[in-house]
Amino acid sequence: MSPPDVMSGRPADHPSGPGPDPSPKQEPQGFNRVTLMLAGLVFLVGLIPLVAALVLFQLHSDAEMEKAEITAHRMATLLMRSFEQAVEPIDALLQNFASNYDHSAAPYQIYEQLKDFSVPPSVVQLAVTDRNGVMVASSLAPPGPEKVDLSDREHIRVHMGKDPGKGQLFISKPVLGRVSKKYTIQLTRPLTDAQGGFAGVVVASYAISDFIDFYKQLRTEDGQLIALMGTDGIVRARATNRTSFGDDLSKSPAFVAAMQNGGDAYRQASTVDGIERVGFTVRSGKFPILVSVAYSTDFVRAQSADFKAAIWSTAAGLSIALLMVVAVGGSYFNLQKRLEAQEVQALARLREANVLDAISRVPGVSVMHVTPEGASEIGSPPDGTLGRLLRSYLGRPRFRTIVADLNAPRHINERLSDGETDVEAEIVVAPLQGMGPGGSGGQEVVVVAVDQTQRRMEENKLYQMSKLASLGEVATGLAHEINQPLGVIRLAASNALTGMKMGLPPEHLVSKLDRIVQQTVRMSRIIDHMRIFGRKSDEHLQPSAPLDAVEGALQVVGAHLRLDNIEVETAQGPDIPKVLCRQDQLEQVIINLIQNARDAIVERRASTGTDFPGLIRLRVGCETGKAGRLLRIRVEDNGGGIPEDVMERIFQPFFTTKPPGKGTGLGLSVSFGIIRDHGGTLSVENGEGGAAFTIELPAMKEEPAAQAV
Ligand code: ADP
């Protein structure tokens, strides 16, 4: 630790001073909060790109689904049209056959007729049944002797017992042809006889494998579905990973919705293979048929995989970049803060040094910087006395005890002495914050000592002035007080003389001389008191009996009061303790208060024009309060009290309401100073008839030896 280089204006190497402390003790808590907030911020910043990626991905995935749905819709529409185009000529053929049908024609004729129709290769057979569902003729072979009964087949039964005129084209489920031995769907229309009654069914067997193969070829994507369904919900042809037909979809919500809406988009898990798909179902306006095209959602999502990978890696890269920006920003911010703190610290140190330097230049002031290693002088008065005395004081155990308990600036009065020179100093010891463990005795402090010797001398002068002023005031009373015994002595002496001349017995002479002696004792008591009163007060505190001070004061001013027709009423409580004070000073205070009381009474008489009897009450008591036992002396009068607007100023030196030549304005200010110097208080309030002054002084516990102030 080097001494603070105040004179050169260079800051000392301790990091703080009386200026703002850049590192407050609350720092750990604040630091935690800031760290948490920063961590949260960093987390949020890092999260932003990831959240954005998630949202983007979701949007993209939704768009892909929508795209799949649109493609499916388009494709289903095309397939429906192709199916309708495939079925339309066959249906035209069936209608044509039905309208020209001659039910009386022989089976062979019908066979010939059927055979001659030109049909696409996918129509594997044309056949006709009679009204009972028994095959009449088939385009595959000439009618034979065996009877093929098809009445159990749905595509035949569906027309039986119905009005054949209203019969529509029926498209059956795929069935295994008994004659063709192929899986076909049957396109059927009813036939009528001459009366318009039901006469049988004409059937075109369509090889469903055609559709299935076609659908399979169209199925380019894995998990894609193309299906042809009847309005009964039964699958006519279905191409997925596994080709099938005949599944019942009538309960599937997508099918139900498509039936209701004439076609609909859907997204659901298949009731057949459990795969979730997104697609579209189109319902034919001409035939009882629906076409579905759908893509597996897994497939659709897989389309987003590249996008997903791209977007996640971009987001991760962005997150890292942002975190790096935050990290760089954070450390820049920290650096900035540290630099600012250092700047503030340096400024604070400079200011501290300047302030201490300025203080040390005030005349009569010495400033020291004290560390556990020792004291270094910042500045002292040129003659060096105060600095020298202060330095030796700083080495004393008494000072070390003060520093050990220090956590705020402390103010003390000390008499600094080296045996030869005495200096009365007012000392302020202030801890330097932010250094070492507070209150551990290892603290750094600044000590400012102000030489008060001069001020004390001034005060003493003031005190003497006030005493002399009081003396002047009491002189009138004293003249009377001394005049009276003098008169008595004179009378006793002349009586004794007369008695001697007349030859009166010696007893007469003795009684007169006794009287004279008594009066001289009284006079010498008064004169003794005047001596104490006029003496310059000594510097030492003595245990004093307050009652003696009261009595002494009354001896000085009693006669004066009697002259003014003012009664003095004294009262005292039990166990009045002694107080540590200069007896003459306490007496002086009481005299001041009594004289003021008398002045107030006389003034009130004059202003009211009434000669009311004056009364001054003096009460001496003792009370135990928080701070220990207190001696209390109360002086009350019936002089009318102190006006409120004056109340605040009465303790100020030279404040007086009395006419020039009468008041000095020193009585109360000096009294206040005396009581304060003895560790007590002097207070005032307006009582019933007048002012009431109260002196409070700490009571003595035991009789200590004389002590320096
Ligand atoms: P001084 O008596 O010379 O005026 P003090 O300092 O003793 O000076 O008193 C200051 C003022 O306080 C007085 O001038 C007076 O106005 C007021 N004062 C003091 N004591 C009393 C009292 N007992 N009653 C009314 N006024 C008082």
Side-chain angles (χ1 to χ4, degrees), residues 458-477 533 537 549-550 553-554 556-558 560-561 563-571 584-620 632-677 680-696:
E458 293 298 327
E459 268 183 12
N460 257 347
K461 267 191 217 151
L462 210 61
Y463 172 58
Q464 290 305 328
M465 270 170 71
S466 93
K467 273 207 298 193
L468 289 175
S470 301
L471 201 59
E473 276 191 59
V474 297
T476 334
F533 195 55
S537 82
V550 170
L554 284 176
V556 174
V557 292
H560 208 169
L561 295 176
L563 271 183
D564 285 328
N565 185 26
I566 296 171
E567 190 192 337
V568 178
E569 199 180 281
T570 53
D584 62 318
Q585 288 196 334
L586 182 56
E587 212 167 273
Q588 169 71 34
V589 172
I590 299 167
I591 289 170
N592 282 345
L593 296 181
I594 293 175
Q595 278 178 334
N596 276 344
R598 188 210 61 193
D599 288 350
I601 292 166
V602 171
E603 158 66 21
R604 190 181 183 195
R605 279 179 186 151
S607 63
T608 57
T610 48
D611 197 14
F612 65 88
L615 176 64
I616 298 177
R617 280 206 187 95
L618 277 164
R619 286 190 213 152
V620 185
R632 180 172 292 157
I633 303 172
R634 202 169 156 87
V635 182
E636 292 171 9
D637 61 62
N638 61 348
I642 304 163
E644 281 307 315
D645 56 328
V646 166
M647 190 67 108
E648 271 182 17
R649 298 157 64 201
I650 57 168
F651 291 108
Q652 290 171 4
F654 304 108
F655 174 78
T656 179
T657 56
K658 293 167 195 171
K662 188 105 182 53
T664 61
L666 288 174
L668 285 181
S669 90
V670 168
S671 299
F672 186 88
I674 290 172
I675 298 299
R676 182 202 58 205
D677 285 354
T681 55
L682 173 61
S683 57
V684 65
E685 62 192 339
N686 276 325
E688 265 174 36
F693 285 84
T694 307
I695 301 167
E696 280 184 341

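We count ligands from 1, going down the list as the structure has it; atoms in each ligand are counted the same way.
Considering backbone and side-chain atoms together, D599 places no N or O closer than 3.5 Å to any N or O of ligand 1. Some N or O of T657 is nearer than 3.5 Å to an N or O of ligand 1, by distance alone.
Of the heavy atoms in N592, none comes closer than 4.0 Å to ligand 1.
You'll find the side chain of N596 stays beyond 4.5 Å of the side chain of D637, heavy atoms only. With a 4.5 Å cut-off on side-chain heavy atoms, L593 and L668 count as touching.
Under the 4.0 angstrom criterion for non-hydrogen atoms, A597 is in contact with ligand 1. Within the structure, ligand 1 lacks S671 among the residues with a heavy atom less than 4.0 angstrom away. Taking 4.0 Å as the cut-off, F693 counts as a neighbour of ligand 1 on heavy-atom distance.
Comparing N686, L668, V684, I616 against atom 5 (P) of ligand 1, the shortest heavy-atom distance belongs to L668.
Applying the 4.0 Å criterion to heavy atoms of A691 picks out, from ligand 1, the atoms 22 (C), 23 (N), 24 (N). Of all atoms in ligand 1, listed by their number and element, those nearer than 4.0 Å to a heavy atom of G641 are 25 (C). Atom numbering of ligand 1 starts at 1 in the shown order; those under 4.0 Å from a heavy atom of I650 are 6 (O), 10 (C), 12 (O), 17 (C).
Within 6.0 Å of the CD atom in E569, the count of heavy atoms belonging to other residues, nucleotides or ligands exceeds 12.
Taking the six-membered ring where tryptophan is involved, the planes of F651 and F693 are perpendicular, since the angle between them exceeds 60° and thus also 30°.
Atom CD1 of I591 and atom CD of Q585 lie 12.0 Å apart (nearest 0.5 Å). Note that CZ of F672 is 12.5 Å distant from CD1 of I695, once rounded to the nearest 0.5 Å.
A salt bridge is defined here as a Lys NZ or Arg NE, NH1 or NH2 lying under 4.0 Å from an Asp or Glu carboxylate O, and R619 with E636 meets this definition.
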